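First the structure, in the form of structure tokens, and then the observations on it.
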Amino acid sequence: MSRKVVRSSKFRHVFGQAVKADQCYDDIRVSQMTWDSNFCSVNPKFVAMIVDASGGGAFLVLPLSKTGRIDMTYPTVCGHTGPILDIEFCPHNDNIIASGSEDCSVMIWEIPDSGLTTPLTDPVVKLEGHSKRVGILSWHPTAHNVLLSAGCDNMVILWNVARGEAVVRIDSVHTDLIYSASWNRDGSRILTSCKDKFMRVMDPRKGSVLYEKEKPHEGSRPVRAVFTSDGKILSTGFSRMSERQVALWDPKNFSQPLTLQELDTSSGVLLPFYDPDTSIVYLCGKGDSSIRYFEVTDEAPYVHYLSMYSSKESQKGMGYMPKRGLEVNKCEIARFYKLHERKCEPIVMTVPRKSDLFQEDLYPDTIGPEPSVEADDWFQGKDGKPVLVSLKDGFTTTTKTKEFKVVKSLLKTTTSSGVSQPDGENALDQLKIFLTTSQTLQKKLLFFQINLYFIF
């Protein structure tokens with residue numbers, strides 16, 4: 001008689017817990033659009049949510065500290081003429097966010113440090129190149145100002161945001177609607193899943209397909225896929241009987257999955273959030289009221305079920321906080337921002353530990369906000385490994401110098417003349433204006449003194 005041995009794992013007892021009611025964001029009219037994106041994006045400064053708006057699309061950007069009831073008149077970002085389908089904060093600058101819309105455009109916005117005080121209608125950059133609505137956005141993980149967008153025109157475009165131009169167009173590969181598009185860890189590959197039932201690994205700069213798998217899941221419902229840290233691929237989809245599945249693949253041997261597990265029967269698309277530091281994947285179903293999480297390892301069956309967070313209310317969207325925004329002294333390994341119909345509720349994933357000291361085994365060096373390569377160099381073929389930072393003493397967000405530099409480089413594309421002036425010329429012009437004004441004042445003062453002399 002063999003005894004079943006419980007697998008040893010430091011994440012076996014991870015548990016999820018919703019924050020108290022006064023730490024939620026209440027009275028938010030979350031978008032009613034039927035689109036399978038996250039509808040929410042988070043970073044250590046802000047939380048952004050797509051909301052209902054009349055006469056176009058809008059999204060709300062709140063400082064993390066602005067919890068409680070949000071007034072109906074709170075200003076939104078509302079420059080699109082059609083409903084917004086996806087938003088994502090830039091990983092290299094916490095004040096920059098991209099939005100994709102039904103109006104076929106992608107817009108880049110700059111959010112002030114203190115949040116919005118008036119409605120924001122003018123984007124820093126407007127990117128036009130899609131002929132149908134844009135439903136997927138993804139920033140490059142290591143290259144500065146490189147953005148991927150995918151639209152209902154079956155096209156993937158890679159943008160140089162600082163120049164405001166489309167550098168790579170992949171328009172002949174996908175024959176139907178693109179369900180998902182994501183980068184690997186260093187941004188040298190992209191992974192797409194498509195309605196034509198193919199999952200493809202591609203070279204982003206050449207637009208060529210390196211590996212592809214037909215029917216990774218037998219069902220006709222949408223498939224989502226992400227890279228894991230060792231180059232394998234984790235996908236979620238449906239069986240022929242509409243049972244939800246999760247599978248792990250080796251792209252160099254696509255004939256059979258390393259593992260394929262059936263989870264339950266439901267119609268909601270499973271959104272995977274993969275944490276490369278802990279090798280945990282969180283599966284959040286649209287319309288579900290639960291978050292399942294699994295540990296991905298090198299041992300069969302490779303994807304190990306850990307536990308499930310359950311609540312009463314279903315989720316309309318989900319935001320995932322980057323690792324540098326977590327509270328490490330509380331052993332917090334993930335934080336989600338769950339969208340209800342009328343509010344946003346943070347959910348904290350914690351490893352139970354008695355000590356308040358920094359737990360090095362839970363927090364290896366993680367991806368920081370510093371890019372490792374510039375857009376022009378990346379498009380010419382240079383790859384850059386992620387720049388890692390330690391969370392031991394807490395991590396402060398990007399420096400003022402870096403933020404100013406990024407914003408300036410974005411603003412250069414939006415000058416009225418279309419030509420950006422160097423900073424030295426701007427300073428010289430301002431000095432000339434100042435001197436001219438001073439001379440004029442001196443002349444007026446002299447004239448006034450002469451008049452006084454003759455009067456008295």
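Values in this document were obtained by computation on a predicted structure and should not be read as measured data. All values below were derived from every heavy atom in this structure, side-chain atoms included, with hydrogens, water molecules and symmetry-related copies excluded.
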Donor-acceptor contact below 3.5 Å, side chain S208 vs main chain D203
no

Once salt bridge (charged side-chain N to carboxylate O under 4.0 Å, His left out) is applied, do any residues pair with K66, and if so which ones, sequence neighbours excluded?
none

On a heavy-atom basis, the closest approach of F294 and Y305 is CD2-CA, 3.4 Å

What heavy-atom pair brings D171 and M155 nearest, and what distance separates the two atoms?
CB-CG, 3.8 Å

D176 and K197 ion-paired at < 4.0 Å
no

Less than 4.0 Å between a side-chain N and a carboxylate O, is that true for D26 and R69?
no

For the side chain of R221 and the backbone of S242, is there at least one donor-acceptor N/O pair under 3.5 Å apart?
no

Which heavy atom in L339 sits nearest to a heavy atom in C40, and how many Å separate them?
CD1-CB, 3.9 Å

State, with a plain yes or no, whether a side-chain heavy atom of D383 is found less than 4.5 Å away from one of V373.
no

D103 (side chain) donor-acceptor with T81 (main chain) under 3.5 angstrom:
yes

Is any side-chain heavy atom of V246 closer than 4.5 Å to one of L270?
no

Does L85 reach the side chain of E102, with side-chain heavy atoms less than 4.5 Å apart?
yes

What's the spacing between L62 CG and M49 CE if we round to 0.5 Å?
4.5 Å

For L137 and S149, work out which heavy atoms get closest and say how close.
CD2-CB, 3.8 Å

Tell me if a side-chain donor or acceptor on R324 pairs with a main-chain N or O of N43 at a distance below 3.5 Å.
no

Judged by atom type as modelled, is there a donor-acceptor pair below 3.5 Å linking the side chain of S289 to the main-chain atoms of S310?
no

Side-chain heavy-atom pair P346, Y25 within 4.5 angstrom cut-off:
yes

Would you indicate whether K343, at its atom NZ, is surrounded by more than 12 heavy atoms from other residues, nucleotides or ligands within a distance under 6.0 Å?
yes

What's the verdict on side chain to side chain contact (heavy atoms under 4.5 Å, CB included) for C24 and V19, showing C-alpha distance, side-chain angles and the deciding distance?
CA-CA 7 Å; C24 297; V19 301; 4.0 Å; yes

Kindly assign one of parallel, tilted or perpendicular to the pair Y282 and Y320, based on the angle between their ring planes and the thresholds 30° and 60°.
tilted

Sidechain-backbone polar pair: S182 side chain, V226 backbone, donor-acceptor under 3.5 Å
no

Assess the side chains of D196 and T175: does a donor N or O sit below 3.5 Å from an acceptor N or O?
yes

Flag side-chain contact, heavy atom, 4.5 Å: R189 against P251:
no

For D86 and G135, which heavy atoms make the closest approach, and how far apart are they?
CB-O, 3.5 Å

Take I136 and V156 through the side chain to side chain contact (heavy atoms under 4.5 Å, CB included) test and state the conclusion after the steps.
CA-CA 9 Å; I136 298 170; V156 174; over 6 Å; no

When rounded to the nearest 0.5 Å, the distance separating NE2 of H304 from CZ of R12 is 12.5 Å

All pairs passing side chain to side chain donor-acceptor pair (under 3.5 Å) where residues 228-238 contributes a residue, at least two apart:
H217-S235, T228-D230, S229-Y274, D230-K232, S235-W249

Report yes or no: does K286 contribute a side-chain atom to a donor-acceptor pair with the main-chain N or O of S37 at less than 3.5 Å?
yes

Backbone of G187 reached by a side-chain donor or acceptor of H140 within 3.5 Å:
yes

Test side chain to side chain contact (heavy atoms under 4.5 Å, CB included) applied to W35 and I50, step by step
CA-CA 12 Å; W35 186 258; I50 303 176; over 6 Å; no

In this structure, OG of S138 is separated from CD1 of I190 (nearest 0.5 Å) by 9.5 Å

Tell me if a side-chain donor or acceptor on S41 pairs with a main-chain N or O of F89 at a distance below 3.5 Å.
yes

Once you round to the nearest 0.5 Å, how far does OG of S290 lie from CE of M308?
5.0 Å

Could you tell me whether the side chain of S193 and the main chain of V223 form a donor-acceptor pair under 3.5 Å?
yes

Between T76 and L116, does the side chain to side chain contact (heavy atoms under 4.5 Å, CB included) criterion hold? Intermediate values first, please.
CA-CA 7 Å; T76 58; L116 296 178; 5.8 Å; no

pair P204-W183: side-chain heavy atoms closer than 4.5 Å:
yes

Greater than 12 external heavy atoms within 6.0 Å of Q17's CD:
no

Reported SG-to-CD1 distance for the pair C152 and I178, which is rounded to 0.5 angstrom
9.0 Å

With a 4.0 Å cut-off, would you call D27 and R342 a salt bridge?
yes

Assess the residue pair D288 and R244 against the criterion (salt bridge (Lys or Arg N to Asp or Glu O under 4.0 Å)); give the C-alpha distance rounded to whole Å, side-chain angles, the decisive distance to 0.1 Å, and a yes or no.
CA-CA 12 Å; D288 288 5; R244 293 197 292 193; 2.6 Å; yes

Heavy-atom side-chain contact between P369 and P91 under 4.5 Å
no

Is any NZ, NE, NH1 or NH2 atom of the basic residue among R169 and D153 found under 4.0 Å from an Asp or Glu carboxylate oxygen of the other?
no

Taking all non-hydrogen atoms of both residues, which atom of A181 and which atom of L148 are closest, and how far apart?
CB-CD2, 3.7 Å

Check whether any side-chain heavy atom of K385 sits under 4.5 Å from a side-chain heavy atom of S372, and report yes or no.
no

Out of T350, V351, L357, which one pairs with R353 under the side-chain contact (heavy atoms from CB on, under 4.5 Å) rule?
V351

Decide ring-ring contact (aromatic ring centres under 6.0 Å, His included) for F273 and F336; before the verdict, give the C-alpha distance in whole Å, the side-chain angles of both, and the deciding distance to 0.1 Å.
CA-CA 10 Å; F273 296 91; F336 292 92; 5.6 Å; yes

With rounding to the nearest 0.5 angstrom, report the CE to OG distance, M107 to S101.
7.5 Å

Going by the side chain to side chain donor-acceptor pair (under 3.5 Å) test, name the single residue among E212, R200, H174 that passes it with T192.
H174

Any salt bridge (charged side-chain N to carboxylate O under 4.0 Å, His left out) pairs touching residues 289-307, not counting sequence neighbours?
R7-E295, D264-R292

